[in-house]
Amino acid sequence: MSRRYKILALIGDGIAEEIVPEAIKVLKVAEKTYGFNLEILGPYGFGAKYWVTHGMEMGCDPAVTEELIFEADGIFKGPVGLPEWIGKLPGPNLPVNLRPDLDVYANIRPCRLRPGVDSVLVGRQAGDIDYIVLRENTEQMYVGAGGFVSRAMETEIGLDVFVQTRKGCERVIKYGFELAQTGEYKGKRGAPADGKSRLTCCGKWGRCRGDELFKETYKEVAEEYPDVETDYAWIDAWSYWAIMKPDFYDVAVMPNQYGDIMSDMSGAIQGSMGLAGSLNAGDDHCYAEATHGSAPDIAGEGIANPTSIILSVGMMLNWIGDKRDDARLKAAYRGIDTAIDTVLTEGKIRTPDLKGINSTTQFGNAVAEIINTQNESNPFLSSP
Ligand code: IPM
Ligand code: MG
């Protein structure tokens, strides 16, 4: 009897209500095609709207217990936050807290120009851009150290302390070297320009001490990976070079906030934020989420591109497949990735962000139909 994987689904705000069901649809068809067994719990209400309407301490459906969060094989969530709720949130910031609590220290954000998608960079074709922004996910600006200082009832200082540790740097840098070695989550291993496996170390050493430590740690770790080419860039310069010569990059590892910013920029580089998958990965837990936000400007219209969340849950399956040594889940990830490429290449079904007229559901259906036809070529169907 094949083992059952527990997947916790959380909805979120805005377009989350439209895209999360498409991710669940894809998981269900992948489960059937690739012959594994998922127990999808939820999708449970969670996010800004939930906080305000329910006033929950945790900001989540009470069914989502701490125990459930920690025992799930994988978690995924839609984007959270709505402008009208800013300043009204009674609960703690669950989405960001999940990262340190689950210790998902590596945020993998691939940037791939897919077939059938117009590049915003003149002359770039599918395959020319295929790099990963690997964002450190638990430290630096996001440790939450800081506060306000007041004088005469006036807030005078808002203070944020950036913290980077050797352990935090070392583990994400190792993760980066391993991604470069394996080519995992990429269209093809190596940088598109020369096929070399390369890990670019980004930061602002010489200015920030935390980044000095990041770079020194990178140098030490690099010695264990002689087959991966080393490369260094100040983060400001990297934001230039990623646009000017994106094909040179394979994997770029960077401290937390830089990765936050560079992954949005990479959303543009790959043609739409709606195409950008993202996985928060640790040694024991993972959770998937779209890189983009809740897009209140188009929420409720049913036109959001669900690709980002679909790719993210695919990446989640891949992570679980690695950890539980289950090749069916890894095959399903590749199947989902290929299905997205097929729909984009055919170009018959497109959401408006890609100059199409189709709905979120139509796009999700098209992806699901393709995964359904992957049966014949799938070697894992007969596995127990
Ligand atoms: C992201 C988001 C989050 C972040 C926000 C919602 C707190 O921008 O996942 O990139 O800053 O990490
Ligand atoms: Mg962000």
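As the structure lists them, so they are numbered: ligands from 1, and atoms in each ligand from 1.
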- [ ] Report, in ascending order of atom number, the atoms of ligand 1 lying under 4.0 Å from any heavy atom of Arg109.
- [x] 1 (C), 9 (O), 10 (O)
Open item on the list: Ignoring hydrogens and geometry beyond distance, is a side-chain donor-acceptor pair present between Gln374 and Tyr34 at under 3.5 Å?
Closed with: yes
TODO: Check whether any N or O atom of Asp260, backbone or side chain, sits under 3.5 Å from an N or O atom of ligand 1, and answer yes or no.
DONE: yes
Open item on the list: Is there a side-chain contact between Val253 and Val133 in this structure, where contact means two heavy atoms from C-beta onward sitting under 4.5 Å apart?
Closed with: no
Task: Glu346: partners by side-chain hydrogen bond (donor to acceptor under 3.5 Å, both in side chains), with sequence neighbours left out - done: none
- [ ] Indicate if Leu213 and Val161 have the same hydrophobic cluster label, given that clusters are the connected sets of ILVMFWY residues with side-chain heavy-atom separations under 4.5 angstrom.
- [x] no
Open item on the list: In this structure, is the centre-to-centre distance between the rings of Tyr258 and Trp238 below 6.0 Å?
Closed with: no
Open item on the list: One residue to check: Arg135. Relative to ligand 1, which of side chain, backbone, both or neither has a non-hydrogen atom less than 4.0 Å away?
Closed with: side chain
Task: Salt bridge Lys219-Glu216, side-chain N to carboxylate O under 4.0 Å - done: yes
Open item on the list: Please identify which of these residues, Arg198, Lys186, Lys196, meets the side-chain hydrogen bond (donor to acceptor under 3.5 Å, both in side chains) condition with Asp250.
Closed with: Lys186
Open item on the list: Keeping to distances under 2.8 Å, can you name the protein N/O/S atoms close to the Mg ion (ligand 2)?
Closed with: Asp260 OD1
Task: Residue Tyr142 vicinity, atoms of ligand 1 by number, heavy atom under 4.0 Å - done: 4 (C), 11 (O), 12 (O)
TODO: Fit a plane to each ring of Phe177 and Tyr225, take the angle between them on a 0 to 90° scale, and name the class: parallel (under 30°), tilted (30 to 60°) or perpendicular (over 60°).
DONE: parallel
Task: Minimum heavy-atom distance Lys245-Arg124, with the two atoms named - done: CA-NH2, 3.9 Å
Task: Part of Met141 within contact of ligand 1 (heavy atoms, under 4.0 Å) - done: neither
Open item on the list: Can you tell me which portion of Gln257 lies within the under-4.0 Å heavy-atom range of ligand 1? Options are side chain, backbone, both, or neither.
Closed with: neither
